[in-house]
Amino acid sequence: MKNYPSVSLEGWITPFGLAFADAADAGRLTVEEYGREWPLPAGGPDSCGTIEWSNDAVVVRTNRLNPTTLYYWVHPDSDRFLIGTDRAGLLARIVAATGSHTDHPPYPIGAGRTVTFSTTHGGLTVEDTVTARWTSAPISGETAHEAGNRQIAALRREIAAVGGPRPITVVVSGGVDSGLVAALAEQAGIVDHLASLGTPWGDEYPEADELGAHLGVPVRRIALSEEEILRALPETVRMLGTTDRETVAAGVNLVAVYRQGTIPAGTILTGVGADLINSGNRDGSGPVADIQKAVAERLAEAAASSELTGVGAAVHGYALRHMYWNSSVVQAALDTAPEVMRYRDREKGHMRLAAEQLVPDSVAWRPKQALHHGSGVERNLDAAVARLIGVEQVDAERFYRLIEAQLVEALLKSPDGPIHSDDCLKAAISAYLIENQ
């Protein structure tokens with residue numbers, strides 16, 4: 001892995017207030033710049049997480065979307081603290097500071113919060129406050145067509161504001177979510193390429209080609225091998241800050257794409273997130289009983305998981321934009337009545353109906369498959385990991401925890417990187433086999 005894009009701040013109490021390592025006495029970090037002045041989303045700094053500090057206090061703010069999780073840790077025996085986005089990197093610094101693998105890992109800061117670090121009577125005080133929440137106000141009497149058009153209008157504005165860097169590639173599956181992003185981006189004149197992902201276990205190339213033919217833009221077929229997917233696991237675990245099986249399976253596809261480099265460096269647009277806000281499910285399994293409750297739960301999960309972060313893309317020179325994961329688009333969904341979302345008894349029925357004016361009906365009403373389902377990764381990744389290790393069955397989450405442990409060990413030896421993903425993967429395989437002898 002190259003020098004990893006992240007932000008961090010280390011501080012401690014002195015008789016004169018707070019002091020900081022490798023930082024000025026006062027300053028501000030914007031999370032989505034990833035420590036390297038990376039292009040910000042269209043909403044600018046106000047749509048990003050921030051860390052501001054002075055000798056008096058450190059104030060960490062997250063927004064409601066919170067695509068990249070911030071963590072903090074306070075030394076159990078002193079008033080030294082760490083704040084940052086790279087969980088593996090923070091774990092390594094904690095081990096270095098305490099001399100052992102601590103029972104007190106870094107604490108994730110949730111969405112829409114303000115966390116203040118300050119001094120009180122010579123000691124460190126940490127105050128965590130909820131400062132922003134989603135609210136919904138479903139519009140009474142709105143038709144499905146009107147609701148779909150209202151959200152598409154918000155999506156159109158966000159896409160028109162993308163800017164760059166160029167070239168801009170839209171990753172498409174041939175379904176309605178990415179199809180709308182591609183159609184609106186083509187209308188805005190910002191599409192340079194369309195691309196569709198495939199693996200040995202599945203692809204949606206014909207469906208994507210149908211969309212591309214409609215838009216008059218050829219589709220690049222990105223073929224990922226089993227080896228490429230498996231070798232992307234260490235970067236995926238580090239990017240996400242979690243070893244959750246489903247979350248890793250959802251993220252590894254795109255990380256493998258970044259590593260392959262077939263898509264030219266620039267901006268990548270996706271339709272990821274549309275199901276979370278419009279149906280309350282992840283896998284197209286059908287309508288949920290209580291859409292409003294399910295959407296709220298999916299919003300909270302995604303904002304706490306880093307599954308929509310652009311960190312992994314930035315490692316390889318890409319700016320990632322999940323176009324449904326913007327405040328105006330999310331709010332448009334929240335203001336849609338549940339019965340309207342279920343138009344024709346289909347998930348996202350309102351969006352499908354309104355999409356008919358932009359994409360073929362076969363695209364607008366195509367059954368939903370999540371990106372990692374359409375490519376077959378979700379169904380086949382465990383078996384591929386088992387083959388990699390050389391066992392019949394595998395505890396995938398345990399293996400991912402071992403990968404994270406090896407990332408931490410590598411960062412202890414080389415805090416500023418680069419570290420080598422393949423070495424971490426091989427070491428995790430050896431550790432797993434030793435554990436299961």
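All residue numbers refer to positions in the sequence shown, counting from 1. It should be emphasised that the depicted structure is a prediction, and the values quoted were computed from it without experimental measurement. Atoms considered below: every heavy atom in the structure, side chains included; atoms not considered: hydrogens, waters and symmetry mates.
Checked for salt-bridge contact, Arg221 and Asp209 meet the test: a charged N lies under 4.0 Å from a carboxylate O.
Side-chain N/O atoms of Glu227 and Ser225 include no donor and acceptor closer than 3.5 Å. In this model, a donor atom of one side chain and an acceptor atom of the other lie less than 3.5 Å apart for Arg93 and Ser8. For the residue pair Thr242 and Thr247, no side-chain donor N or O sits within less than 3.5 Å of a side-chain acceptor on the partner. No side-chain donor-acceptor contact under 3.5 Å links Glu226 and Thr199. Inspection of the Asn326 and Ser328 side chains reveals no N or O donor paired with an N or O acceptor under 3.5 Å. In summary, the side chains of Asn149 and Gln357 do present a donor paired with an acceptor at a separation below 3.5 Å, with no hydrogens or angles considered.
Scanning all heavy atoms of the two residues, the minimum distance from Leu91 to Pro106 falls at CD2-CD, 3.5 Å. Nearest approach of Gly261 to Tyr318, heavy atoms of both residues: CA-OH, 3.6 Å. For the residue pair Arg166 and Gly189, the shortest heavy atom distance occurs at NH2-O, 3.8 Å. Nearest heavy atom pair, residue Glu32 against residue Pro67, reads OE2-CG, 3.5 Å.
More than 12 heavy atoms of other residues, nucleotides or ligands shown are found within 6.0 angstrom of CG on Asp422.
Ring pair Tyr343/Trp365 is tilted by interplanar angle, where 30° to 60° counts as tilted.
Here salt bridge (charged side-chain N to carboxylate O under 4.0 Å, His left out) pairs that include residues 147-158, with residues two or more places apart or in two chains, are Glu142-Arg150. A salt bridge (charged side-chain N to carboxylate O under 4.0 Å, His left out) check over residues 249-274, counting only residues at least two apart or in different chains, returns the pairs Glu235-Arg259.
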Side chains of residues 129-139: which donor-acceptor partners sit under 3.5 Å, not counting sequence neighbours?
{"unit_1": "Thr131", "atom_1": "OG1", "unit_2": "Gly112", "atom_2": "O", "d": "3.3"}
{"unit_1": "Thr131", "atom_1": "OG1", "unit_2": "Thr114", "atom_2": "OG1", "d": "3.3"}

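Note: Phe81 and Phe117 meet the aromatic proximity criterion, with ring centroids under 6.0 Å apart.
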Q. Should Asn278 and Gln151 be marked as a side chain to side chain donor-acceptor pair (under 3.5 Å) after you check the CA-CA gap, both sets of side-chain angles, and the distance that decides it?
A. CA-CA 10 Å; Asn278 283 304; Gln151 189 174 149; 2.8 Å; yes
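Evaluation of the salt bridge (Lys or Arg N to Asp or Glu O under 4.0 Å) rule for Glu186 yields no partner, not counting sequence neighbours. With sequence neighbours left out, the salt bridge (Lys or Arg N to Asp or Glu O under 4.0 Å) criterion links Asp382 to Arg245. In this structure Glu127 satisfies the salt bridge (Lys or Arg N to Asp or Glu O under 4.0 Å) test with no other residue, sequence neighbours excluded.
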